[in-house]
Colleague: 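Take a look at this one; I'll ask things after.
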Amino acid sequence: MPDVYNWHLGRKMSYVFEEVHPQRQFVAIFNINRCIGCQTCTGACKATWTFSKGQEYMWWNNVETKPYGGYPQHWDIKILQQLDQAHSAAGVKAEWDTSQVNGSTPYGTYNGLTITEAAGAEQQALGYTPTDLEWRAPNFYEDTSTAYKGGGLGISPEGATLPEHQTWFFYLQRICNHCTYPACAAACPRKAIYKRPEDGIVLIDQARCRGYRKCVEQCPYKKSMYRGTTRTSEKCVACYPRVEGSDPLSDGVPMETRCMAVCPGKIRLNGLVDVAQDGSWSESPQHPLYHLIQVEKVALPLYPQFGTEPNVYYIPPRWAPRPYLRQMFGPGVDLAIQRYTAPSRTLLAVLQLFRTTQRMIFRFEIEEGPLVLETEVNGQPWSMYNDTVIGFDANGREAIRLSVVEPIYERPVERLNSI
Ligand code: SF4
Ligand code: SF4
């Protein structure tokens, strides 16, 4: 297999195809701290793409309750166990070396095996096919927390304090990651799965697919799904007509996907980043996604050790145990939570941009405002300024303008009631 460079892992790795990169990449960030588990995103995706016969159990977007939930059930536990077994068999210790952290190795270097490196002779990537029963519900164990460990009656007199709660759960929002090195494409014997050069979106050519389900077996995130009525596999298409700017609503510029645009928790931000020929992201510190992922490093990939270089990033939840989060998001978790908990002036302004306009934001600017709060966070002084952040669309037009302090609107006295 050819060697390709995976910047999440800080090293080269084996992959089925030669290294080729799109000009731009579809990227999203989900802020787990803000998700209310309302499933509006799940419903919007289903109403747009998977409402037909044969798609009843197909949820391209799902929100699952961690640590117990998963769609399909136990998907991540199962692939992590398979990787563990591969490491034991190979006598390899799967560790991150964080002694060298720089631009091309932002999280250090992963010394374990990826799913393509751990695959046996029969597979291109390590994987398994879930049973029908495991696909039966998109949020099994909804709102189920871990056991309470505190106090005589199970109640701690001090209550829960950050950085970690004694009892916890969190919502994990999941769509296809439109991976840089998709395991689904590597697995397909028909070469029906391809990555678009213009935006890095990964699609299944329905005319070529014969429903062998190798993508279902080998996508580690289990985001390729089989449809019995067409006998083909289907997956999230990243709402590509919206990304192309061909949705009638968009006035010709790229728009966020449906799941991003409906989110009442304002946890989602979605856009396109420029990619250099070597796969690194072209330097663009005024791009909100670049800023959050590459400059502030508050948003991290999901299970980077799988090795597909996923393009959906997460701001990890502050209250969950760190070992669990490090396993899920890699060694960048502690820095990400530290920066998110006491955000810099720029970070606080950029965080306001989530889910504020349907148009994708390609650049932001900040107009400085007055100091409004001085306090302490984690024992350190912290100041808040009422800055204004402005987001610009693909054509450089102003798409949104927001202040850090939310304005208060009072109804005029003649309209005290909205009825
Ligand atoms: S998440 Fe799975 S289905 Fe999506 S591109 Fe990656 S490997 Fe393919
Ligand atoms: S719509 Fe937003 S807040 Fe609601 S479940 Fe989805 S990601 Fe979470």
Side-chain angles (χ1 to χ4, degrees), residues 6 8 15-17 22 25-47 58-66 69 71-72 75-76 79 114-116 123-127 130 138-139 142-143 170-188 192-196 199-204 209 213-226 233-238 256-270 301-304 306-315 317 354-355:
N6 182 323
H8 288 174
Y15 182 62
V16 173
F17 303 118
Q25 176 62 54
F26 173 93
V27 170
I29 298 178
F30 297 160
N31 182 356
I32 293 177
N33 296 276
R34 300 187 74 172
C35 178
I36 54 175
C38 64
Q39 307 286 355
T40 311
C41 48
T42 309
C45 178
K46 180 149 268 304
M58 198 178 264
W59 302 91
W60 291 354
N61 179 104
N62 78 293
V63 178
E64 58 201 42
T65 307
K66 290 297 182 198
Y71 171 76
W75 65 274
D76 49 350
I79 188 71
T114 67
I115 57 164
T116 43
Q123 290 178 315
Q124 288 67 40
L126 201 62
N139 192 10
E142 181 168 10
D143 295 1
F170 63 86
Y171 300 116
L172 187 69
Q173 312 73 28
R174 299 216 307 116
I175 60 171
C176 166
N177 293 287
H178 298 279
C179 305
T180 302
Y181 304 114
C184 57
C188 178
I193 305 183
Y194 61 103
K195 191 166 173 66
R196 305 206 309 182
D199 52 23
I201 290 173
V202 176
L203 296 177
I204 303 176
C209 178
R213 285 180 251 191
K214 287 289 171 189
C215 52
V216 181
E217 174 190 295
Q218 293 178 43
C219 164
Y221 301 98
K222 295 290 167 258
K223 278 296 168 189
S224 186
M225 298 159 199
Y226 181 67
S233 297
E234 295 180 356
K235 61 179 281 303
C236 157
V237 295
E256 293 198 331
T257 65
R258 285 280 288 142
C259 62
M260 317 277 169
V262 297
C263 175
K266 299 190 173 188
I267 84 142
R268 295 179 174 226
L269 187 71
N270 167 219
L302 179 63
Y303 293 118
F306 292 168
T308 64
E309 210 185 277
N311 286 301
V312 174
Y313 292 79
Y314 293 83
I315 303 181
F354 282 60
R355 176 59 294 277

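Heavy-atom basis, side chains included; hydrogens, waters and symmetry copies ignored. When a residue number appears, it is its place in the shown sequence, counting from 1. Start at 1 and go down the list; that is how both ligands and their atoms are numbered. Source: prediction; values computed, not measured.
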Colleague: Have a look at H178 and tell me which of Y194, Y313, F26 forms a ring-ring contact (aromatic ring centres under 6.0 Å, His included) with it.
Modeller: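 Single pass found, and it is F26.
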
Colleague: Between the side chain of Q123 and the main-chain N/O of A187, is any donor-acceptor distance below 3.5 Å?
Modeller: no

Colleague: In the protein, what heavy atom is nearest to atom 6 (Fe) of ligand 1, and what distance, to one decimal place, separates them?
Modeller: C179 SG, 2.3 Å

Colleague: By number and element, which atoms of ligand 2 are closer than 4.0 Å to a non-hydrogen atom of I267?
Modeller: 7 (S)

Colleague: For atom 7 (S) of ligand 2, what is the closest protein heavy atom, and at what distance to 0.1 Å?
Modeller: R268 NE, 3.3 Å

Colleague: For atom 1 (S) of ligand 1, what's the nearest protein heavy-atom neighbour? Residue, atom name and distance, please.
Modeller: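 It is N177 N, 3.4 Å.
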
Colleague: What atoms of ligand 1 come within less than 4.0 Å of a heavy atom belonging to A183?
Modeller: 7 (S)

Colleague: Specify the closest pair of heavy atoms between N139 and V63, including all atoms of both residues, with the distance to one decimal.
Modeller: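 Closest approach of N139 to V63, heavy atoms only: CG-O, 3.2 Å.
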
Colleague: Once rounded to the nearest 0.5 Å, what's the spacing between atom CZ of R196 and atom CD1 of I201?
Modeller: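 That separation rounds to 4.5 Å.
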
Colleague: Which atoms of ligand 1 have any heavy atom of Y221 under 4.0 Å away?
Modeller: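 Counting from 1, the qualifying ligand atoms are 1 (S).
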
Colleague: How about C41: does one of its N, O or S atoms come closer than 2.8 Å to atom 8 (Fe) of ligand 2?
Modeller: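 No, outside the cut-off.
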
Colleague: Side chain, backbone, both or neither: which part of K222 has a heavy atom under 4.0 Å from ligand 1?
Modeller: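 Looking at K222 and ligand 1, no heavy atom falls under 4.0 Å.
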
Colleague: Which residue owns the protein heavy atom closest to atom 2 (Fe) of ligand 2, what's the atom, and how far is it?
Modeller: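 Minimum-distance protein heavy atom for atom 2 (Fe) of ligand 2 reads C263 SG, 2.3 Å.
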
Colleague: Shortest non-hydrogen contact from G307 to N6?
Modeller: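 Heavy atoms of G307 and N6 come nearest at O-ND2, 3.2 Å.
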
Colleague: Check for me whether the distance between the ring centres of F306 and H8 falls short of 6.0 Å.
Modeller: no

Colleague: Which ligand 2 atoms does Q39 reach within 4.0 Å, using its non-hydrogen atoms?
Modeller: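 Those qualifying, in numeric order: 4 (Fe), 5 (S).
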
Colleague: I'd like to know if atom 8 (Fe) of ligand 1 has an N/O/S atom from C184 within less than 2.8 Å of it, counting both backbone and side-chain atoms.
Modeller: yes

Colleague: Please state which protein non-hydrogen atom is closest to atom 8 (Fe) of ligand 2 and give its distance, to 0.1 Å?
Modeller: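 Going by distance alone, atom 8 (Fe) of ligand 2 is nearest to C35 SG, 2.4 Å.
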
Colleague: Show me which atoms of ligand 2 lie under 4.0 Å from any heavy atom of P264.
Modeller: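 Listed by number with element, the hits are 1 (S).
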
Colleague: Which of the atoms in ligand 2, numbered in the order shown and given with their element, are less than 4.0 Å from a heavy-atom of G265?
Modeller: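 Result: 3 (S).
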
Colleague: Quick check: Y303 with Y221 (ring centres under 6.0 Å apart)?
Modeller: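 Ring centroids of Y221 and Y303 are no less than 6.0 Å from each other.
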
Colleague: If I compare all heavy atoms of F354 with all of I267, which pair ends up nearest, and what's the gap?
Modeller: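 That closest heavy-atom pairing would be CD2-O, 3.2 Å.
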
Colleague: Of P264, C259, C45, C263, which meets side-chain contact (heavy atoms from CB on, under 4.5 Å) against T40?
Modeller: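 When P264, C259, C45, C263 are each tested with T40, the side-chain contact (heavy atoms from CB on, under 4.5 Å) holds only for P264.
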
Colleague: Of all the atoms in ligand 1, which lie at a distance below 4.0 Å from a heavy atom belonging to K235?
Modeller: 3 (S), 4 (Fe)

Colleague: Can you list the ligand 2 atoms lying under 4.0 Å from a non-hydrogen atom of Q173?
Modeller: 7 (S)

Colleague: Going by atom types alone, do K223 and N62 pair a side-chain donor with an acceptor below 3.5 Å?
Modeller: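 Yes, side-chain donor-acceptor contact under 3.5 Å.
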
Colleague: If you round to the nearest 0.5 Å, how far is CZ of F170 from CG of N33?
Modeller: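 Answer for the CG-CZ pair, N33 versus F170, is 10.0 Å.
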
Colleague: Considering only non-hydrogen protein atoms, determine which one is nearest to atom 4 (Fe) of ligand 2 and report residue, atom name and distance to 0.1 Å.
Modeller: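 It is C38 SG, 2.3 Å.
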
Colleague: Report yes or no: does C236 have an N/O/S atom closer than 2.8 Å to atom 4 (Fe) of ligand 1?
Modeller: no

Colleague: Answer yes or no: is there a donor N or O on one side and an acceptor on the other, between the side chain of Y181 and the main chain of V16, under 3.5 Å?
Modeller: no

Colleague: State the atoms of ligand 2, each with its element, that fall below the 4.0 Å cut-off from a heavy-atom position in T40.
Modeller: 1 (S)

